[in-house]
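Some notes on the structure that comes next.
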Number of protein chains: 2
Amino acid sequence: MTKPRSRRGGGRPTISDVARKAGVGAITVSRALREPGRVSEDLRRQILAAVDELGYVPDPNARALASARAEVFGVLVPSLTNNVFAEVVRGIYDSLSDSPFRIQIGNTHYSGLEEERLLQVFGSQRPAALIVAGIDQTPGARRLLENAGCPVVQIMETGADPVDMLVGFSHFDGGRTATEHLLRAGYRKIGFIGARMDPRSQRRLAGYRAAMEAAGLFEPRLVTTTPVPSSVSLGRELFRDALAKMPTTDGVFCNNDDIALGVLFECHRASLDVPKQIGIVGFNDLDMMQVSFPSITSVRTHRYEIGTRAVAMALAAIAGNRPEQRVVDLGFELMPRESTAR
Amino acid sequence: MTKPRSRRGGGRPTISDVARKAGVGAITVSRALREPGRVSEDLRRQILAAVDELGYVPDPNARALASARAEVFGVLVPSLTNNVFAEVVRGIYDSLSDSPFRIQIGNTHYSGLEEERLLQVFGSQRPAALIVAGIDQTPGARRLLENAGCPVVQIMETGADPVDMLVGFSHFDGGRTATEHLLRAGYRKIGFIGARMDPRSQRRLAGYRAAMEAAGLFEPRLVTTTPVPSSVSLGRELFRDALAKMPTTDGVFCNNDDIALGVLFECHRASLDVPKQIGIVGFNDLDMMQVSFPSITSVRTHRYEIGTRAVAMALAAIAGNRPEQRVVDLGFELMPRESTAR
DNA sequence: GCTCGACATGGTAGCGCTACCATTTGTCTG
DNA sequence: CAGACAAATGGTAGCGCTACCATGTCGAGC
């Protein structure tokens, strides 16, 4: 009658090792670790001492299995290298670093199908919460989110009909505000240059169009877009295309700051004076916008805050006090700079 | 005598539901899913049909508990927003997207203690593999890696004494090569500008210093560094500081491309001719380096490949055929451009 | 015909933890 | 001082899966 002790486990201490050492029941150890308030001061001390001495670390897999709930935040973003999402993710990490929650990031590559697949994978773990970028999920993905059985926060946008909660801002308004700024500065032949053209870019384009139409200045040939992923070099190329199409262009609203920077560099190369001959507005307001020469006007978005706020809302919902405000609009801020100061 | 069926689980189908439906034992379902070759054609078809019909998805937590091994890659990087690590992580994701492995990223914030803490957390899950940035772990972290019981790949550097496997390149050589290039182009008062100054930056600085000393041109006052995180605007500031200290500076080797871009912008602002009056070399060769005006010489590093290669090595080790080459040097490539062409 | 081993399948017993319920003890009420 | 009730602790029975071992079947080899 030998005890088969630790058939597979690498001999790591388990909760009953701790319990034995502390002279208590296993369940009390479990409680001492998760709800310290429910265990008497004395025992708690004893237990923590035993934990320390044995170097006990709870097994999150066993925990998840027994409680039917993993201490994991699932995060779905379309890109990892895009600075915007990197900032959001950083906000999420920073807000969660002192919590017991682990983070699992999925990269959807801007694909609805991939998003659906990842949602399936993430859902099978019974995560504590899900944070997903965007509001344009496929019907299948939306159903998965609705049945996830955990708080869900959609991020980056605003809208009336979130799955559960929503934090972001209006890309349409951002695009319109940027364009109106150029109009106010006196630019007339204002182009739109955009890469990737995901749903958010589309909404910024729609905002641009609304502003241009309101001014009676919209022309389809002012719009230059591509589904290719955004980059500084692409910005330069697209601007050249745009100028070839419309040589009288006197301003551009760029889909994002990378594109804007590419446009600025092309202006330097082509000896086009910014802001005199060409006005430039970017989107997101990365650090470099204020440093470039000339500095570039941009629409500042609160990316890091979107991450922290999404986590805060999810944590509140987990704790049982779901925020009454299910949709949070963090807005944006136009940062006028030299590139439009003529 | 009611059956307590699914006391807690959200009523999701389990492996025995599938087994019952397919008319086989649970263990056969398990095998059909993990080692299809060991189950007869007939049963396999039946089982997969049942899986489909019920919408069965295996519970990774239960799986991990039973097999004492989670299908998780733990990845530890010092920053999520730094483009360099974002690219590495992208490589890791892309290489793992068709595998059953999930990815868990930890952000160490350049802190050895935080790295140690995260290693503890990650280790408790019994991950399939660990990928960690750098070779300068604390003794405690190194011990945790050695006892992780899974393949470990250190990345971003080369060295003689990896914990297990290592993929990267020599930052010292990179720094020296960049500096030698400036020297060859005729620059003499070459400054070093660096932010953050993590171990890799330190090695690049050491490479710079070696090259300058070999040329008999090293001076401590040519070096301008700060522990502050890197950014374009910081690059501009540091360059101003450097010029104030050493007005005769005629070239700079920048710790990274952000700093280099900041230097370039400051040159524009101060009407310093690049490359005539000031030569600039960056590090990493981000896309924008080739687009800027003038384009900036940089040291191209193979970040994405570091990620894919690290995963390939880990997967090989998991499969039992540990690569004979435990240390892989992916090298780097100097990209000479206008910023040093005088 | 019989043994042997390869192959296919299944049963049993956990993996390490927590939900649920039971028990004990102490404290407060009337 | 009985009764009620809260607080502290423990036992039992799983969570859903897989490692391990057992069983059955079949054809090859003697």
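Every chain is numbered from 1 and lettered A, B, ... according to where its sequence line falls, protein lines coming before strand lines. What you see is a predicted model, and the numbers here were worked out from it, not measured in a lab. Only heavy atoms go into these numbers, but all of them, side chains included; no hydrogens, no water, no symmetry mates.
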Closest to the B/I27 side chain, choosing from C/dC17, D/dA19, C/dC15:
D/dA19
For the student: nearest non-hydrogen atoms of A/P36 and A/R44, plus distance:
O-NE, 3.4 Å
Between D/dT9 and A/T28, is there an OP1 or OP2 to side-chain N/O distance shorter than 4.0 Å?
no
Regarding B/S67 and B/R63, is there a side-chain donor-to-acceptor distance under 3.5 Å anywhere?
no
Whole-Å distance, A/Q46 CD to D/dT9 C1', equals 13 Å
Of the nucleotides C/dC17, C/dT9, C/dG16, which has the atom closest to the B/L65 side chain?
C/dG16
Hey, does the side chain of B/S30 come within less than 4.0 Å of D/dC17's phosphate (OP1/OP2), counting only N and O?
no
Using whole Å, report how far CZ of B/R20 lies from P of D/dC17.
12 Å
Any idea which of C/dT9, D/dT18, C/dC17 is nearest the B/R34 side chain?
D/dT18
Let me know the distance between CD of A/E41 and C1' of D/dA8, rounded to the nearest Å.
14 Å
Separation of B/D17 atom CG from D/dC15 atom P, in whole Å?
11 Å
Quickly, which of A/Q154, A/R143, A/R142 forms a side-chain hydrogen bond (donor to acceptor under 3.5 Å, both in side chains) with A/Q137? Name it, please.
A/Q154
Does a side-chain N or O from B/S67 land closer than 4.0 Å to OP1 or OP2 of C/dC15, or not?
no
Interatomic distance, B/I306 atom CD1 to B/E87 atom CD [nearest 0.5 angstrom]:
11.0 Å
Rounded to whole angstroms, how far apart are CZ on B/R126 and P on D/dT18?
16 Å
For C/dG16, take OP1 and OP2 only and decide whether either is under 4.0 Å from a side-chain N or O of A/R63.
no
Just wondering, more than 12 heavy atoms not from B/N147 lying within 6.0 Å of its CG?
yes
Nearest whole Å is fine: how far is C/dC7 C1' from B/E35 CD?
14 Å
Separation of B/R44 atom CZ from C/dC7 atom P, in whole Å?
15 Å
Describe the nucleic acid contact of B/R38 in one word from base, sugar-phosphate, nothing, applying a heavy-atom distance below 4.0 Å.
base
Nearest nucleotide by nearest heavy atom, which residue falls closer to the 5' end of DNA chain C, B/R31 or A/A26?
B/R31
Distance, rounded to the nearest Å, where A/R69 contributes CZ and C/dA19 contributes C1'
14 Å
